[in-house]
There are 2 protein chains.
Amino acid sequence: MADTSPRVHATRAPTLNDVAQLAGVSMATASKAVNGRAEVAEKTRRRVLAAASEIGFTPNGLAQSLVTGRTKTVGLLTSDLEGRFVLPILMGAEDAFGSGEISVLLCDARGDRIRENYHLKALLNRRVDGIIVVGRSTDPRNSLGQQLPVPVVYAYAPSDDPRDQSLAPDNHAGGRLAVEHLISVGRRRIVHITGDPGYAAAQDRAAGFKEGMAAAGLTPVDEVMFGSWTEGWGRDATAVLLQRHPDIDGFVCGSDQIARGALETLRDFGRSVPEDVAVIGYDNWEVLATNSRPELTSIDCTLQGLGRQAAKRIFEALDGAPVAGGTELFLPKLVIRGSTIASR
Amino acid sequence: MADTSPRVHATRAPTLNDVAQLAGVSMATASKAVNGRAEVAEKTRRRVLAAASEIGFTPNGLAQSLVTGRTKTVGLLTSDLEGRFVLPILMGAEDAFGSGEISVLLCDARGDRIRENYHLKALLNRRVDGIIVVGRSTDPRNSLGQQLPVPVVYAYAPSDDPRDQSLAPDNHAGGRLAVEHLISVGRRRIVHITGDPGYAAAQDRAAGFKEGMAAAGLTPVDEVMFGSWTEGWGRDATAVLLQRHPDIDGFVCGSDQIARGALETLRDFGRSVPEDVAVIGYDNWEVLATNSRPELTSIDCTLQGLGRQAAKRIFEALDGAPVAGGTELFLPKLVIRGSTIASR
DNA sequence: CTGTTAGCGCGTTCAG
DNA sequence: CTGAACGCGCTAACAG
């Protein structure tokens, strides 16, 4: 801090050798001391550590990796431009083995197969310990193949090859969880508005919704409304449904965006939420859920746990654990806000 | 693909040595051939490349980096949980030197100084070529210090130390750009609602707003309304202003969230947008801007360009270019949608 | 407990 | 144009 001259990065970084010489020991001993191995006298260890911190030694991870064969780095390959899915998954992966233990190379392929290949090559080049592939929907995506030299785990979007390891949100359970919540707060005349019927997420959540209704002995007020994952669709579908069935008292929405659209139309129709009608969204996308009036109850996919698990799977496979293909589903959780329960 | 047995990752990855032996040349020659150097006979080169692709050789970046001193990797240190700022910046950095050339280690410190330190250590450990620090507001943040062994560039939030290199959005220009657009579509009775007055972004945009009004010979209908960066504030402030001045015809909002709130209240008051009143947001956050009714005209901070420039700065510094401290401002651009100009 | 030796995989001299 | 030799910084065997 006292130094005001422009920094020059020319000075070679101190190496373990420098540390060893300063401490008057061999490199091997210095290495053991720095890495906290047992076979070093306590006195020498202190001397080495003092020398290390004196010259500001930072171990060269490249050299370490070259010899140990581990980089403690995983690649995250995605096309999720918004970062809505990939960031929680990244945070989970970062935390899987404690703070700062493993690092994540984030690659955004932007939906381009060629760019994905470039990034894949770059990741293998850098000898990542494994790769997590994050799709942008829960529909299966094409496999990277079985020939990769490192473990690959597919997160959010499962792989289309059952030999691969995939982790995905349990949308069926989520749909059911949503409707069960509405029922638990006394709603009976319930409908479901969701997104594009071509998406597995839409179908699975709808199936969970129907199952939850049936289990409670209820019949949905109308058919499931499939459309698109937009606020506009939420507004339109809600208007149609309210016209057909003015006595609806619960909306299960397939996304937070659809739910926001529903809230807006309910306002236009003079219905108050949650008193007259309860609304629940899906995804728990904070910026949408906490800025609406009232705030939106939603289903959270627990993506952080999914990222944690993905990272663990990679290092298990590296340690020789048997790789079981197929998709593991993650249970979602309910996040209650003002759109289903009135604040006191 | 024909192989259905579980993959084992035990087989050593092919090395340059393997390639050389198969091609019947020395490692040195193989190296030159693979790296496209001139000092190799065309015939030998082909032979080497054939051998390389035959055994699926991928150069070991760790070894390369160890000898060249470059990892072609930069660290992105952030606390932007939403990823709203960091992802465009990341994409820009990825693209600075062509696809797949440089990789980015993304570290999320989650606003925790200790975690930031862990990540910083991990990055230096992995010998990144440089570090881009991305703050979550445009207020200056504390410097990482001048003692780091690699170049550091601060993006979005400038460093509080003028010796550091910082890149930030030009909020003053953005505020002016916004009001100029409203004036250009015929608005005269204009107000400005923005966020927390403690934020530089709020102050700078407000200053630009005032300057733009004055330059056009106009006087704002009311004082700048400072509050918070939320839809709720946008709703409330709009209601207050409409009550005081029913003839307002233009709202310049300090964020897209505030603008969405404004749109909602305008609906409640029966004003139609953009016919009666034009509304412009700030940040061009797609999910908010393109899902509102009507879609939101907004100011885009061109963060991708900022990320590109940050990466370039790092490698320039590495190549010995003089490091000029201080903050370089990036001009924003206008993105026009339906909230200021009626669609035909 | 400590030191010596041998690589990890590659780029780069500098003789041939 | 080609190859032998060296070193990047470090860890893992082994001897002492």
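Throughout, protein chains are lettered first and strands after them, A, B, ... in sequence-line order, and every chain is numbered starting at 1.
- Distance, B/L16 CG to C/dT12 P: 12 Å, rounded to whole Å.
- For the pair B/N60 CG and C/dG11 P, the interatomic distance rounds to 10 Å; values are reported in whole Å.
- Considering only side-chain atoms of A/A28, the nucleotide from D/dC10, D/dA4, C/dT4 that sits closest is C/dT4.
- Between the CG atom of B/L124 and the P atom of D/dG9 there is a distance of 16 Å, given to the nearest Å.
- In this structure, A/T44 reaches the C/dT2 phosphate: one of its side-chain N or O atoms is under 4.0 Å from OP1 or OP2.
- A/S65 comes within 4.0 angstrom of no nucleic acid atom, judged by non-hydrogen atoms across all strands.
- If you check every strand for non-hydrogen atoms under 4.0 Å, B/V67 touches a base.
- Taking 4.5 Å as the limit, every side-chain heavy atom of B/L105 sits out of range of all side-chain heavy atoms of A/V104.
- By the 30° and 60° cut-offs, the orientation of the rings of B/F315 relative to B/F97 is perpendicular.
- Put simply, A/T68 has no side-chain N or O that comes within less than 4.0 Å of OP1 or OP2 on D/dA12.
- Contact between the side-chain N/O atoms of A/T29 and the OP1/OP2 oxygens of C/dG3 is found at a separation under 4.0 Å.
- One interatomic measurement links the two molecules: CG of B/N17 to C1' of D/dG3, which rounds to 13 Å at whole-angstrom precision.
- Backbone-only engagement by B/R37 is indicated by non-hydrogen atom pairs under 4.0 Å involving sugar-phosphate atoms exclusively.
- Taking atom NZ of A/K32 as the reference point, atom P of C/dT4 lies 12 Å away to the nearest angstrom.
- Here D/dG9 presents its C1' atom at 12 Å from CG of B/L62, a figure rounded to the nearest Å.
- For the 3.5 Å distance criterion, the side chains of A/D161 and A/S143 fail to qualify, holding no donor opposite an acceptor.
- Side-chain atoms of B/T73 and B/R126 include no donor-acceptor pair closer than 3.5 Å.
- When rounded to the nearest whole Å, the span between CG of A/L66 and P of C/dC8 equals 9 Å.
- OP1 or OP2 of C/dG3 sits under 4.0 Å from a side-chain N or O of A/S26.
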**OP:** Dump the intermediate steps for side-chain contact (heavy atoms from CB on, under 4.5 Å) on A/R115 and B/D95, then the final yes or no.
**Re:** CA-CA 11 Å; A/R115 207 188 295 254; B/D95 284 352; 3.6 Å; yes

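- In this model, the phosphate group of D/dT11 is approached by a side-chain N or O of A/S31 to a distance below 4.0 Å at OP1 or OP2.
- Note on A/A41: only backbone sugar-phosphate atoms sit closer than 4.0 angstrom, heavy atoms only; bases stay farther off.
- Side-chain atoms of B/F57 lie closest to C/dC10 of the nucleotides D/dT2, C/dC10, D/dG3.
- In terms of phosphate contacts, B/Q64 brings a side-chain nitrogen or oxygen within less than 4.0 Å of OP1 or OP2 of C/dG11.
- Atom CG in A/N125 sits about 12 Å away from atom C1' in C/dC10, given to the nearest Å.
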**OP:** Starting from the C-alpha separation in whole Å, work towards a yes-or-no answer on side-chain contact (heavy atoms from CB on, under 4.5 Å) for A/R136 and A/T78.
**Re:** CA-CA 8 Å; A/R136 50 178 157 182; A/T78 186; over 6 Å; no

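- Toward the 5′ end of DNA chain D lies the nearest nucleotide of B/G24, the other residue of the pair B/G24 and A/N35 mapping further downstream.
- Of the candidate nucleotides C/dT4, C/dT12, C/dG9, C/dG9 has the atom nearest to the side chain of B/A63.
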